[in-house]
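Down below is the structure, laid out as structure tokens.
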There are 2 protein chains.
Amino acid sequence: MAQHHPDYATLMRARGFRMTPQRQLILEALGAGGDHLTLEEIYARVQHIAPTLNLATVYRTLDFLCDQRLVATADVGGQKTYELVGEEPHHHLVCRSCGEMRQIDHAALHALCATLDREQNFTMDMEHLVIFGRCSSCRGTAESVASASDTHVLH
Amino acid sequence: MAQHHPDYATLMRARGFRMTPQRQLILEALGAGGDHLTLEEIYARVQHIAPTLNLATVYRTLDFLCDQRLVATADVGGQKTYELVGEEPHHHLVCRSCGEMRQIDHAALHALCATLDREQNFTMDMEHLVIFGRCSSCRGTAESVASASDTHVLH
DNA sequence: GTAGCTGCAAAATTTTTGCAGGCGA
DNA sequence: TCGCCTGCAAAAATTTTGCAGCTAC
């Protein structure tokens, strides 16, 4: 799998682009923040270090990094989020009652992947899947929904 | 499973709300349009019949119908979409190269569901799952991405 | 008749764009 | 030095809100 901190500067220069402090900061924020940071969270983090860094720059930089396939987006709970590409394939179970988010690994979906391949002739993306549902502690409670989104995201 | 056209008017009156022509139209658009209509698509459809129907009303009505659990939302390809609740549980495979969307039924995910339940003590929502990947005809082509969104949605 | 609902318009919010100057290579 | 990038501010796009009048019941 990809290493944790590729040499982004070299990579970008090789592609004819520049490594600027702003891009560096945003990449670091994404690396340090774990996955699933929203644009606002990213903005808050980099702003903390570089208060003059403009919101428009965050929009443009994230667009740029997505184009370059260094960053990927996913929708989690209706929120568009960003994360570095190249992390271990992993997936999440998100409880729609309490919002708890648990990681599961690739293996759990292996059977599904094989089935789709065999029966549907379809190769599913395995980079990152988010499955909504209810965790054991929330199961059985009469409590209703609306705390977590209805949206279930697979990335 | 739920019938295709429940008596929404009676249901809403029973809950102390009104059935207005606007709500009727939006429900019909959702019923006729299949699943995964965006707000704009819904607006366009109802506008075609009732040109004075306001965009703000569409926003408010969809909110209202979601609150009432008559309509559910999902994010497909980064777009928030709406559909009637109470249809057959079904899922989609979406090719990120050509955009083809294929339905698969509940059974295909049954094994995954059981595994998560057993090993993770987690009950996944089964209402509606969208899995991105590549279909057989696009597999093997060198063609790159970006035609379909990176976002994979499970609802 | 009454209260919920809608249309309209304005406001608030979110995202994009133009342009001059700055800075990485 | 060259031209890619950024900050700033304005524009554009999207979503929400206030309010008066209408209408479902």
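Please read all numbers here as calculations on a predicted model, not as lab measurements. Note that these values count all heavy atoms, side chains included, but never hydrogens, waters or copies made by symmetry.
Within the 4.0 Å cut-off from OP1 or OP2 of dG24(C), not a single side-chain nitrogen or oxygen of R13(A) is found. Close to dG7(C), at under 4.0 Å from its OP1 or OP2, lies a side-chain N or O of Q22(B).
Remark: R102(B) pairs with E100(B) by the salt bridge (Lys or Arg N to Asp or Glu O under 4.0 Å) rule, at least two apart or across chains. In this view, D63(A) satisfies the salt bridge (Lys or Arg N to Asp or Glu O under 4.0 Å) rule with no residue, not counting sequence neighbours. Partners of E40(A) according to the side chain to side chain donor-acceptor pair (under 3.5 Å) rule, which considers only residues two or more places apart in sequence or in another chain, do not exist here.
Checking side-chain atoms of Q120(B) against main-chain N and O of D117(B) turns up no donor-acceptor pair under 3.5 Å. Checked by atom type and distance alone, the side chain of E119(B) never pairs as donor or acceptor with a backbone atom of L116(B) at under 3.5 Å.
If you take CG of N54(B) and C1' of dT17(D), they are 12 Å apart, rounded to a whole angstrom. When the P atom of dG24(C) is taken as reference, atom CZ of R23(A) falls 12 Å away, rounded to whole Å. Regarding Y59(B), its OH atom lies at a distance of 14 Å from the C1' atom of dT17(D), rounded to whole Å. Rounded to an integer number of Å, the gap from CD of Q47(A) to C1' of dT6(D) is 14 Å. One atom, NZ of K80(B), and another, P of dT14(C), lie 13 Å apart when rounded to the nearest Å. Taking atom CD of Q24(B) as the reference point, atom C1' of dA24(D) lies 13 Å away to the nearest angstrom.
Both tests do not hold together for R23(A) against Y8(A): distance to the six-membered ring centre under 6.0 Å, angle to the ring axis within 45°.
Between the two ends of the helix from dG1(C)-dC25(D) to dA25(C)-dT1(D), each summarised by a five-pair axis, the helix axis turns through 40° (rounded to 10 degrees).
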List, with names and distances, any nitrogen or oxygen atoms from the protein found under 3.5 Å away from nitrogen or oxygen atoms belonging to nucleotides 18-21 of chain C.
| residue | atom | partner | partner atom | Å |
| --- | --- | --- | --- | --- |
| dG18(C) | O6 | R60(A) | NH1 | 3.2 |

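Contact of R18(A) with dG3(D) (side chain to base): a donor-acceptor pair of N or O atoms is detected under 3.5 Å.
If you find the closest nucleotide of DNA chain C to T57(B) and to G16(B), the one lying nearer the 5' end belongs to G16(B). Heavy-atom distances to DNA chain D give each of T20(B) and L55(B) a nearest nucleotide, and the one nearer the 5′ end belongs to L55(B). The nearest heavy atom of DNA chain C to L53(B) and to P21(A) marks one nucleotide each, and the one closer to the 5' end goes with L53(B).
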Just distance, no hydrogens or angles: give the donor-acceptor pairs under 3.5 Å from side chains in residues 45-57 of chain A, sequence neighbours left out.
| residue | atom | partner | partner atom | Å |
| --- | --- | --- | --- | --- |
| Q47(A) | OE1 | Y43(A) | OH | 3.1 |
| Q47(A) | NE2 | Y43(A) | OH | 3.3 |
| N54(A) | OD1 | A56(A) | N | 2.8 |

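Note that the CG atom of L30(A) and the CG atom of L62(A) stand 6.5 Å from one another [nearest 0.5 Å].
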Assess whether side-chain contact (heavy atoms from CB on, under 4.5 Å) is satisfied between L25(A) and Q22(A), documenting all intermediate values.
CA-CA 5 Å; L25(A) 276 173; Q22(A) 292 87 345; 5.8 Å; no

